[in-house]
Peer 1: 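Pasting a structure here, questions to come.
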4 protein chains.
Amino acid sequence: MEKSNIREPKQKRSIEKKNKIIEAGYLLFCEKGFYNTNTVEIAEKAGISVGTVYSYFEDKKAIFLEVLKYYSEKILMPMYAEFETLSMPLDLHEIISKIIEISVQTHMFSEAAHEEMLAMSHSDKDVKKLTHDFEEQVVLKFAEILCELGINIQNVNEKIHIIYNAVEFYSHEAAFHKHNFINYDVMREEIIKMIIKMISDRGY
Amino acid sequence: MEKSNIREPKQKRSIEKKNKIIEAGYLLFCEKGFYNTNTVEIAEKAGISVGTVYSYFEDKKAIFLEVLKYYSEKILMPMYAEFETLSMPLDLHEIISKIIEISVQTHMFSEAAHEEMLAMSHSDKDVKKLTHDFEEQVVLKFAEILCELGINIQNVNEKIHIIYNAVEFYSHEAAFHKHNFINYDVMREEIIKMIIKMISDRGY
Amino acid sequence: MEKSNIREPKQKRSIEKKNKIIEAGYLLFCEKGFYNTNTVEIAEKAGISVGTVYSYFEDKKAIFLEVLKYYSEKILMPMYAEFETLSMPLDLHEIISKIIEISVQTHMFSEAAHEEMLAMSHSDKDVKKLTHDFEEQVVLKFAEILCELGINIQNVNEKIHIIYNAVEFYSHEAAFHKHNFINYDVMREEIIKMIIKMISDRGY
Amino acid sequence: MEKSNIREPKQKRSIEKKNKIIEAGYLLFCEKGFYNTNTVEIAEKAGISVGTVYSYFEDKKAIFLEVLKYYSEKILMPMYAEFETLSMPLDLHEIISKIIEISVQTHMFSEAAHEEMLAMSHSDKDVKKLTHDFEEQVVLKFAEILCELGINIQNVNEKIHIIYNAVEFYSHEAAFHKHNFINYDVMREEIIKMIIKMISDRGY
DNA sequence: GATGAATGAGGATTCATTCAT
DNA sequence: GATGAATGAATCCTCATTCAT
């Protein structure tokens, strides 16, 4: 087996540098997409040389993969945090409202990342796997959270997956008020209504 | 103003040729994505020369734009057709089931196109506009259809947009049974249930 | 299987162009070695663009491989030709003298090619195979020629291989009078003497 | 004059370190060739840092040059040693056999070094000079040895050069039994026969 | 109108060498 | 003295686009 020449940063300075590359990649991929961003630009934006980029990452795609992980966490962290603060009795409408709000905020900060991720996830095996695993992880995590809250739902995985997608969708739309024929406050209320109904539905 | 050298095909043979390029582009973009498909391949698959491709299209992106339109119609046509055959009294569950079935079929044939489209739609202004307009058109069209069927719904645009997204999402997932922890028959029923509730909801 | 994009030239102009690339590669590889010659230089020397070079050759190494074949023939052709003119009775000393003369001439024209070939033949599998096969072909060809001349020699393959090497060696040395402590006329006579003895030796 | 920053090691530890670099370079150049070995690898194999390598050697080529000297001695030492043990009367066949055996052994250990050396020796002036001088030294040394043994040969330099080359050639071939159509035991006997005849020939 | 060979700018990646710590 | 992270010039190769035939 070939010995990898990629540095695994342990030192604080190294970790910072690697993070700078990821941050630079994130911004550029979002702004211009993967294929329209070149490695020199990433290096420049990170304030280092191309050579250094390549001492932290195998190749350009490896940067993209790490950017994806970074982006994923950026989205989920604040949501998970929100659930830590819950206290009984639950006000479903308020909780869901907050989650959606968080999601919208995140999307405002990273509109493009999501689409870029989706795009690469079909033409690239590795990206496909990463996004696939991420979705799975998120759905199962939320199912677990609901379970811990004592909320028992029939077909929980399927429902959460649907809900997760709806929230994603709304956030993406609302973040930029894409369509004029849509009132985004109304839309949010419709989605919240839908979610509450789904969660409350214990079958017939 | 710059004189355009792009031919607007009037002759039958010319139109056929242009369509062959679009079809070839569609297949290749779906299979490998925009950036991993080159113009020589498109020409070869269309059975003509690169030079000829450039007499019908300004550049590679122009092909993509036309492919997008072609793809959009491919998705919508069979759905619209379905609505032509409706007769009273409406069996909502059956109608929605059929629509979803059509959507899934379409996705099985063009998994990648959708994602590729999304991807380009953020890094490219022209693509962004096209997809934006397409969504708008579809939502308004369905709202109109419902109206013609005598179904009056509060917040109809918002609801249809949500529903449209849910169907898209389900089709995409189901077409390839992406996740093992999801039972796609169960998921479909949940989505149908959700849609019926949304449509039936006339406010309080 | 991947369809190769390498053009197989049939047209006269194409063949000429491919030959120009080979000739350019030959001159440059000889002058500066494989690793110190870049693809742009080859293209420039051939009077075409880099892109065109890559439409005739898979990669830089493929050029080298063809250069090798070209070089091999350049060496052998005039030798084979010499044997066509032989008439009885054979004057061994004269024949061998002539062969050596031809070999020296060739080496004067391509000193470096030989060494470069040897060098690459150990670090590169494909080059190794090519040179290996070439040697084999040459030895067997000469064995055949001797046989046709009615000259029967014990251990013919082994002897010819030894002789072939000695001639190569001498040519390489003599072409540039490398060493001052060597008298190359004397050396040639010693080699001819050796060859004659070897050929004349029918065992004990 | 430019002040050289290259350290001339006097301390035992320093000399050991320099030798480690040479040994590492030798192994790597043999295995992968000059251009496919990088300085980091050499440093790693030598168990030191790149920076340190550059405090002992001006540049990469300087390492190669020293490796060449090291390699040369590795080949010659055991041969010279063999001659120390000779006693009268000489059994030529046995002596030559032994020399060839030693040469084959050396080649089995350093197949590639020889070719790599040849390769560089044409594209690089310094390497050319080194190999040239080495050959000269060897031939003159053997001439001297023969002289000391009381063996007087006409055209001694030329003959030894021819013989030296034949032994080199045989060793290289035999070490790896390159060709199937050659019987290497037979070939060795032919070469020994040739050498004996050459040495025994005192002119007419 | 059609062809497809030719172009060459652009991009990913490597690696000899330096120099701050 | 030693280190090894950082540099960035240099190289191979691709491909959208043009244009002579």
Peer 1: Starting at CD1 of D:Ile42 and ending at P of F:dG4, how long is that distance when rounded to a whole Å?
Peer 2: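 Those two atoms, CD1 and P, are 16 Å apart.
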Peer 1: Check the pair C:Ile22, C:Tyr71 against side chain to side chain contact (heavy atoms under 4.5 Å, CB included), reporting the backbone distance first and the verdict last.
Peer 2: CA-CA 10 Å; C:Ile22 293 171; C:Tyr71 158 80; over 6 Å; no
Peer 1: Please figure out whether B:Lys61 or C:Val40 has its closest DNA chain F nucleotide nearer the 5' end.
Peer 2: C:Val40
Peer 1: Given the ring of D:Phe134, does D:Lys69 sit roughly above its face, with NZ or CZ under 6.0 Å from the centre of the six-membered ring and within 45° of the axis?
Peer 2: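 Because its charged atom misses either the 6.0 Å distance or the 45° angle limit, D:Lys69 does not stack over D:Phe134.
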Peer 1: Between C:Thr52 and E:dT7, does any side-chain N or O lie under 4.0 Å from OP1 or OP2?
Peer 2: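 Yes, because at least one side-chain N or O of C:Thr52 sits under 4.0 Å from OP1 or OP2 of E:dT7.
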Peer 1: Under a 3.5 Å limit for both distances, which nucleotide forms a Watson-Crick or G-U wobble pair with E:dT21, could you say?
Peer 2: F:dA2
Peer 1: How close or far is atom C1' of F:dA16 from atom CD1 of B:Ile63, stated in whole angstroms?
Peer 2: 10 Å
Peer 1: Rounded to whole Å, how long is the line connecting atom CD of A:Glu41 with atom P of E:dG10?
Peer 2: 12 Å
Peer 1: Considering just the side-chain nitrogens and oxygens of A:Tyr54, establish if one lies under 4.0 Å of OP1 or OP2 belonging to E:dT14.
Peer 2: no
Peer 1: Base, sugar-phosphate alone, or nothing: which one does D:Ser14 contact when heavy atoms must sit under 4.0 Å apart?
Peer 2: nothing
Peer 1: Think D:Lys45 forms a cation-pi with D:Tyr26, using NZ or CZ under 6.0 Å from the six-ring centre and within 45 degrees of its axis?
Peer 2: no
Peer 1: Just how far, in rounded Å, is P of E:dT14 from NZ of C:Lys60?
Peer 2: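 Result: 16 Å.
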Peer 1: How do B:Tyr56 and A:Phe34 order along DNA chain E: which one's closest nucleotide is nearer the 5' end?
Peer 2: B:Tyr56
Peer 1: Are C:Lys61 and C:Phe34 in a cation-pi contact, defined as NZ or CZ under 6.0 Å from the six-membered ring centre and within 45° of the axis?
Peer 2: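 C:Lys61 over C:Phe34 ring: no.
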Peer 1: Quick check on DNA chain F: between C:Asp59 and A:Arg13, whose nearest nucleotide comes earlier from the 5' end?
Peer 2: A:Arg13
Peer 1: Give the rounded distance in Å between these two atoms: CD of A:Glu44 and P of F:dT7.
Peer 2: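 Between P of F:dT7 and CD of A:Glu44: 12 Å.
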Peer 1: Does F:dA16 have OP1 or OP2 sitting under 4.0 Å from an N or O in the side chain of B:Thr39?
Peer 2: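 Yes.
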Peer 1: Looking at A:Lys20, I'd like to know if its NZ atom is crowded, meaning that more than 12 non-hydrogen atoms belonging to other residues, nucleotides or ligands lie closer than 6.0 Å.
Peer 2: no
Peer 1: Roughly, in whole Å, what's the span from CZ in B:Phe57 to P in E:dA2?
Peer 2: 13 Å
Peer 1: For C:Asn38 and E:dT14, what is the distance between atoms CG and P respectively, to the nearest whole Å?
Peer 2: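 Rounded to the whole Å, the gap is 18 Å.
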Peer 1: Starting at atom NZ of D:Lys32, determine the distance to atom P of E:dT14, rounded to an integer number of angstrom.
Peer 2: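 One finds 13 Å between P of E:dT14 and NZ of D:Lys32, rounded.
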